[in-house]
Amino acid sequence: MDKESREALQVAKELTCKFIETRTVSPGNFAEIFPVIYRVVAQTIRECEEERDD
């Protein structure tokens, strides 16, 4: 797993935990929500890296 993927996984985990704490996400729909959060975070990291490279 590359650095960006690890970072995205960590941020997605932290965000999901916060959403569970605020009852925006429940443990019951975790499997549905977590992949979406991960994809958004990973895409944002990739876009920021591309902008920095330009």
Side-chain angles (χ1 to χ4, degrees):
M1 183 177 279
D2 64 348
K3 180 183 174 188
E4 287 83 15
S5 296
R6 280 194 310 272
E7 289 176 355
L9 187 61
Q10 181 65 33
V11 170
K13 182 188 93 171
E14 291 174 13
L15 281 171
T16 305
C17 287
K18 289 295 180 187
F19 289 150
I20 289 172
E21 289 172 4
T22 60
R23 300 179 187 205
T24 306
V25 172
S26 71
N29 65 0
F30 173 85
E32 178 184 335
I33 300 299
F34 184 79
V36 175
I37 294 172
Y38 175 79
R39 267 184 259 135
V40 169
V41 171
Q43 180 180 4
T44 303
I45 290 172
R46 278 192 304 272
E47 288 172 0
C48 289
E49 287 295 320
E50 288 173 3
E51 287 177 9
R52 244 186 266 160
D53 290 343
D54 289 342

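Sequence positions, counted from 1, serve as the residue numbers for this chain.
None of Leu9, Val25, Leu15, Asn29 except one satisfies the side chain to side chain contact (heavy atoms under 4.5 Å, CB included) rule with Phe34; the exception is Leu9.
In terms of heavy-atom proximity, Arg6 sits nearest to Met1 at NH1-O, 2.7 Å. Closest heavy-atom contact between Ala31 and Pro35: O-CD, 3.2 Å. For the pair Tyr38 and Ala12, the tightest heavy-atom approach, listed with the atom from each and the gap, is CA-CB, 3.7 Å.
Between the NZ atom of Lys18 and the CD atom of Glu21 there is a distance of 4.5 Å, given to the nearest 0.5 Å.
With sequence neighbours left out, the salt bridge (charged side-chain N to carboxylate O under 4.0 Å, His left out) criterion links Glu14 to no other residue.
A chain of hydrophobic side-chain contacts below 4.5 Å, direct or via other Ile, Leu, Val, Met, Phe, Trp or Tyr residues, connects Val41 to Phe30.
Residues Arg52 and Glu49 are paired through a salt bridge, judged by an N-O separation under 4.0 Å between the basic side chain and the carboxylate.
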